[in-house]
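This report refers to the structure that appears directly beneath it.
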Amino acid sequence: MCGIAGIYCSNANDDFLQQIHPFTNSMAHRGKDANNFFVSTNIALGHQRLSIIDLSDNANQPMTSINGRYTIVYNGELFNYNDIKYYFSHKYPESFKQLRSYSDTEMILELFAIEGEAVFDKLNGMFSIAIWDQNEQSLVLARDPIGIKPLYFSKFDNYFCFASELKAFYEILPKTSVDDMAVAYYLHLGYIPHPFTILSQVNKFPAGHFAKVKSDNFELHQYHYFDVINNQNITYSQAREQVKQAIENAVKGALVSDVKIGVLLSGGIDSSLVASIAAKNQTNPITAFTIEQKDKNFNEGEYASKIAKYLGINYKPLMVDYEFLTSNLDNVLMKMDEPLADSSFLVTHAISAFASNDVKVALSGDGGDELFLGYGMYRWAKRLTNTAVSSLKPFASAIFKNIPSQRFNRWAQFFDIKEELHSNIYSIENNYFTSWQLKDLLNQDFQLNFSNINIDDPILKQEWFDFTYYLPDDLLVKVDRASMANTLELRPPLLSTELADLAWSIPIKYKMHGNQLKIMLKDILSDYLPRELYDRPKKGFAIPLAKWCRNELKDNITSSLTNHQSSIYNFINYNFVNSLISNFYNENIEYLAGRIWNLYILNFYLESHKL
């Protein structure tokens with residue numbers, strides 16, 4: 001894992017290319033093993049290396065091809081490293097013999113020199129890649145099919161710039177301004193969906209695409225599509241065996257490393273499955289890192305320790321509480337890189353810092369919920385599109401609003417949805433602002449717009465929304481920033497391209513039956529662990545946000561959000577927020593904590609960056 005950056009300019013020998021140094025160095029935390037640059041006519045590339053495979057200097061980047069034509073900077077790891085190595089050595093044996101290293105970087109570079117952009121769809125893993133063509137004076141960018149590894153870009157004046165993190169652009173942009181549309185999306189979702197960023201001048205590069213940049217031309221091409229096949233001809237046992245094999249392949253591939261590897265173990269289905277397969281296939285001792293909390297409602301340490309003991313792997317728990325997680329709160333929040341209301345960032349950052357004391361690489365269970373239906377949102381998508389329920393929505397909403405129960409009052413919002421069904425289900429489930437609440441919150445009106453997919457099943461549509469937006473723009477942003485801030489590479493094998501393709505092809509009834517979620521993964525896990533170790537309600541790495549907002553964080557929040565001069569009020573309605581704060585603190589409406597934290601994080605970011 002690394003940090004990459006680049007500046008392309010159509011004017012030869014432009015002095016601005018020297019800005020590649022601060023541009024790249026701003027991401028030094030992403031890789032401290034090497035820091036190198038390539039500067040030539042029209043192009044400057046920078047790289048911060050975290051050495052994982054082939055620790056020698058031969059694998060340093062930027063790396064130029066054997067023929068001298070191409071130069072690459074690459075951030076990522078391949079889950080099919082051994083398959084690519086086999087393919088290269090057998091199809092192009094003479095070229096393979098000339099390799100100067102055994103790094104995945106050089107194999108990608110030399111295969112690109114032979115096959116061009118066709119190589120990208122052969123790569124199964126997490127990556128952002130930039131390759132400079134000295135002959136054509138052109139730049140090619142590519143990002144993995146799911147968007148595991150970040151890539152941002154900006155076009156201004158005669159320059160095209162790219163980097164692994166948004167913060168790098170503050171080093172080179174002549175001016176920065178807030179994208180109003182990004183603010184609206186953030187308030188609705190708690191994250192900023194692609195292609196937007198908080199800055200008007202910067203965009204997220206789309207997953208599963210490559211682009212060619214030459215002079216003023218920017219040509220974007222999609223190289224990988226996830227087809228929702230919903231194959232009804234496959235039996236459950238066939239699908240189960242294929243999924244199990246794909247997971248095993250991915251975990252085995254994710255274990256390829258020249259440094260020690262650990263696993264983040266929450267005690268839930270996904271991380272337990274990854275840990276089980278890793279323990280079975282790793283020759284060297286593997287360590288499980290987990291979070292333990294004093295609050296029993298959020299503590300999964302008891303289960304994680306039993307799972308680690310059963311698997312025969314080392315177990316290292318980190319006990320956290322409010323003081324531990326917030327002892328340097330402002331510094332931790334700055335590492336988010338852009339506004340992100342996902343409060344589990346604090347815990348992910350803490351466990352990443354803890355694990356990085358022992359390992360440079362850790363496996364995670366991210367992706368299982370999105371690919372195999374692990375969220376309560378899928379139940380709501382099914383309920384709200386039921387014909388009988390649809391006709392009763394107004395009555396259900398009125399009834400739930402009048403029941404003296406916060407749970408039912410919150411449920412009433414689901415029955416008020418009249419537009420953007422899937423984003424509003426997500427927003428309500430996570431206690432953010434619905435599309436209709438935005439109209440009162442914002443100082444101007446916005447029309448939310450999400451890409452859709454031509455499928456009829458409402459559960460699949462909700463899953464597609466989460467896979468397309470929540471996964472790459474919240475979950476994977478959180479994991480990347482929290483881990484890389486601590487120079488730790490986190491690998492999510494459940495997000496291998498092979499497994500994702502397969503997950504989208506199997507019938508939904510194999511993933512969810514009635515109200516039972518993630519049934520196939522639970523069934524597969526039973527091949528490795530006794531059910532009593534994992535068959536329980538989902539927790540994951542979470543914190544008691546409502547309790548903290550009401551008590552320990554109250555002074556921070558009120559001083560930030562009750563100040564008329566706060567930066568956030570350039571975009572939103574002060575009276576609306578004041579009423580929200582009153583309802584939370586005076587009426588003790590707990591689910592409003594998500595909205596309070598959402599606003600607090602946005603204001604913190606705006607003021608920290610003087611926006």
Side-chain angles (χ1 to χ4, degrees), residues 1-4 26-35 47-55 59 74-79 104 125-128 144 148-150 164-165 167 251 253-266 270-271 274-275 278 282 284-292 304 308 313-318 320 324-325 328 331-337 340 342 344-367 475-495 540-541:
M1 201 80 70
C2 310
I4 64 174
S26 66
M27 302 178 291
H29 51 276
R30 295 188 68 90
K32 300 178 181 179
D33 294 321
N35 167 231
H47 191 263
Q48 295 285 161
R49 186 184 181 199
L50 179 62
S51 305
I52 304 296
I53 295 176
D54 190 342
L55 308 184
Y74 158 66
N75 168 33
E77 300 292 342
L78 300 182
F79 301 147
D104 49 353
M126 50 186 194
F127 55 85
S128 290
D144 67 74
I148 305 173
K149 287 293 95 189
S164 296
E165 294 188 9
K167 66 167 60 72
V251 175
L255 289 171
V256 175
S257 171
D258 289 338
V259 297
K260 286 172 59 179
I261 290 184
V263 61
L264 301 193
L265 181 62
S266 70
D270 307 329
S271 63
V274 170
Q282 181 74 329
N284 298 318
I286 194 168
T287 300
F289 302 93
T290 196
I291 290 286
E292 292 186 354
I313 59 179
N314 301 325
Y315 177 70
K316 294 194 74 171
L318 174 66
V320 302
F324 182 93
L325 290 177
N328 197 9
N331 184 49
V332 173
L333 294 183
M334 284 294 288
K335 295 175 181 179
M336 284 182 173
D337 196 37
L340 186 66
D342 190 335
S344 64
F345 180 90
L346 301 179
V347 185
T348 307
H349 181 273
I351 193 65
S352 296
F354 181 61
S356 69
N357 293 324
D358 293 307
V359 298
K360 290 176 77 172
V361 178
L363 309 188
S364 74
D366 297 305
L475 181 63
L476 294 173
V477 170
K478 173 189 69 178
V479 167
D480 178 83
R481 300 309 184 280
S483 61
M484 292 311 296
N486 295 287
T487 323
L488 174 73
E489 174 174 299
L490 273 188
R491 298 177 176 178
L494 296 184
L495 289 175
F541 292 147

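Predicted model only: the values in this text are computed from it and were never measured.
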[X] vs [Y] side-chain heavy atoms within contact, under 4.5 Å:
X: P317; Y: F354; answer: no
X: K149; Y: M126; answer: yes
X: I148; Y: V479; answer: no

Please name the residue in the list H47, R30, M27 that meets the side-chain contact (heavy atoms from CB on, under 4.5 Å) test with C2.
H47
Go through the structure and list residues passing side chain to side chain contact (heavy atoms under 4.5 Å, CB included) with [X], not counting sequence neighbours.
X: A304; value: L265, T290, Y315
X: V359; value: K260, F289, A355, L488
X: A353; value: N486
X: K335; value: N331, F345, H349, A485

What residues, two or more places apart in sequence or in another chain, satisfy side chain to side chain donor-acceptor pair (under 3.5 Å) together with [X]?
X: D144; result: none
X: S164; result: none
X: S271; result: S266

Run the salt bridge (charged side-chain N to carboxylate O under 4.0 Å, His left out) test against [X] and tell me which residues pass, sequence neighbours left out.
X: D54; result: none
X: K360; result: D33
X: D358; result: K316

Can you tell me how far apart [atom1] ([X]) and [atom2] ([Y]) are? Round to the nearest 0.5 Å.
X: N284; Y: S257; atom1: CG; atom2: OG; value: 9.5 Å
X: D366; Y: L475; atom1: CG; atom2: CG; value: 4.5 Å
X: L255; Y: L363; atom1: CG; atom2: CG; value: 5.5 Å

Would you find a donor on one side and an acceptor on the other, under 3.5 Å apart, between the side chain of T487 and the backbone of H29?
yes
